[in-house]
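Okay, structure first, notes after.
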Amino acid sequence: NNLVNGNNKTPGKNIAFPDTAKLADKFFIGCNPYNENDAAFSVMKNIKEAHLIVKLHPFDTNPHVYRQIAREMHLSNYSIVGNLDASKLLQTCDLIITHYSRVSYEAVLINKNVLILNQSSTFDNGDVWDFKRYGVAIAVDNLDELENHIRSALFDREASSMLGTNRSQYILEHAYKMDGKAADRV
């Protein structure tokens with residue numbers, strides 16, 4: 001079992017947070033409740049109808065750091081997973097929260113909602129996958145709005161539908177068809 005800690009009995013939606021290497025770095029420097037990593041933990045205590053799944057980075061071997069942060073924030077609707085393959089995690093989740101990692105691209109290709117934390121600085125450095133131009137992910141620049149963005153991505157059908165439409169166009173232009181017949185077209 002790859003589950004390290006947490007209560008996985010939360011009914012409702014699953015949220016993956018696979019980009020935790022930065023969280024561990026900031027924890028040892030000193031936990032700042034206003035940084036983008038801690039914010040994901042903090043807002044989850046207000047979203048009882050969802051479950052946060054923290055995916056440890058392959059080089060991160062200390063799940064206790066995350067348990068301690070969750071305890072300090074009185075968070076119970078979370079799990080920490082270690083050796084779980086990212087693609088399996090993506091299949092089980094309704095929303096991916098990341099810092100613009102490779103996982104966000106994979107999530108878009110399998111039609112999952114994506115929140116990208118601190119997106120404006122990411123896009124200032126180049127929108128590598130054209131997410132901004134196509135509107136396939138939700139930009140979270142103001143952490144005070146993180147909870148609203150999570151709720152919108154999970155529970156607002158109109159917002160999810162718009163993201164889905166944008167993703168379909170994106171997939172058509174960037175990955176053509178996801179039908180398993182690429183070799184037949186060559």
Working for side-chain contact (heavy atoms from CB on, under 4.5 Å), residues Ile97 and Ile150:
CA-CA 9 Å; Ile97 301 174; Ile150 291 173; 3.8 Å; yes

What pair of heavy atoms forms the shortest contact from Asp144 to Asn142, and how long is it?
N-OD1, 2.9 Å

Over all heavy atoms of both residues, which pair between Ile15 and Ala50 is shortest? Give the atoms and the distance, please.
CD1-CB, 3.9 Å

Check this for me: Glu158, atom CD, are more than 12 non-hydrogen atoms of other residues, nucleotides or ligands nearer than 6.0 Å?
no

Check whether Asp94 reaches the backbone of Lys13 with its side chain - one donor and one acceptor, N or O, closer than 3.5 Å.
no

Backbone N/O of Arg133 and side chain of Asp130: donor-acceptor pair under 3.5 Å:
no

side-chain contact (heavy atoms from CB on, under 4.5 Å) for Val114 and Val136? Distances and angles first, verdict last.
CA-CA 8 Å; Val114 176; Val136 299; over 6 Å; no

How long is the gap from CD1 on Ile69 to OG on Ser42, to the nearest 0.5 Å?
11.5 Å

Applying a strict under-4.5 Å side-chain criterion to I, L, V, M, F, W and Y, I'd like to know whether Ile110 and Val103 cluster together.
yes

Hey, what do you get for OG (Ser76) to CG (Leu52), rounding to the nearest 0.5 Å?
11.5 Å

Got a salt bridge between Glu49 and Arg151, using NZ or NE/NH1/NH2 to carboxylate O under 4.0 Å?
yes

Where the side chain of Ser160 meets the backbone of Ala153, is there a donor-acceptor pair that is under 3.5 Å apart?
yes

Start with the C-alpha distance between Ile53 and Val81, add both sets of side-chain angles, then the distance that settles side-chain contact (heavy atoms from CB on, under 4.5 Å), and finish with yes or no.
CA-CA 7 Å; Ile53 302 171; Val81 295; 3.9 Å; yes

Could you grab the distance from atom CZ of Arg71 to atom CZ of Phe41, nearest 0.5 Å is fine?
11.5 Å

Sorted by chain and number, sequence neighbours left out, salt bridge (Lys or Arg N to Asp or Glu O under 4.0 Å) with Glu145 holds for none

For Phe131 and Tyr105, the nearest pair of non-hydrogen atoms, with its separation, is CZ-CA, 3.8 Å

Main-chain N/O of Ser161 paired with Thr165 side-chain donor or acceptor, under 3.5 Å
yes

Nearest 0.5 Å please: distance from the CG atom of Leu154 over to the NE2 atom of His149.
13.0 Å

Look at the side chain of Ser152 and the backbone N and O of Asn148, then say whether any donor-acceptor pair between them is shorter than 3.5 Å.
no

Nearest heavy-atom pair of Leu109 and Ile171: which atoms, and what distance?
O-CD1, 3.6 Å

Considering all heavy atoms, the nearest His74-Lys45 contact
O-CB, 4.3 Å

Any donor-acceptor pair under 3.5 Å from Asn77 side chain to His51 backbone
no

Looking at Leu90 and Lys112, what are the two nearest heavy atoms and their distance?
O-CE, 3.1 Å

Between the OH atom in Tyr78 and the CZ atom in Arg67, the distance rounded to the nearest 0.5 Å is 6.5 Å

Contacts of Ser87 meeting side-chain hydrogen bond (donor to acceptor under 3.5 Å, both in side chains) (sequence neighbours excluded), chain-then-number -> Asp85

Rounded to the nearest 0.5 Å, the CD1 atom of Ile138 sits from the CD1 atom of Ile96 at a distance of 12.0 Å

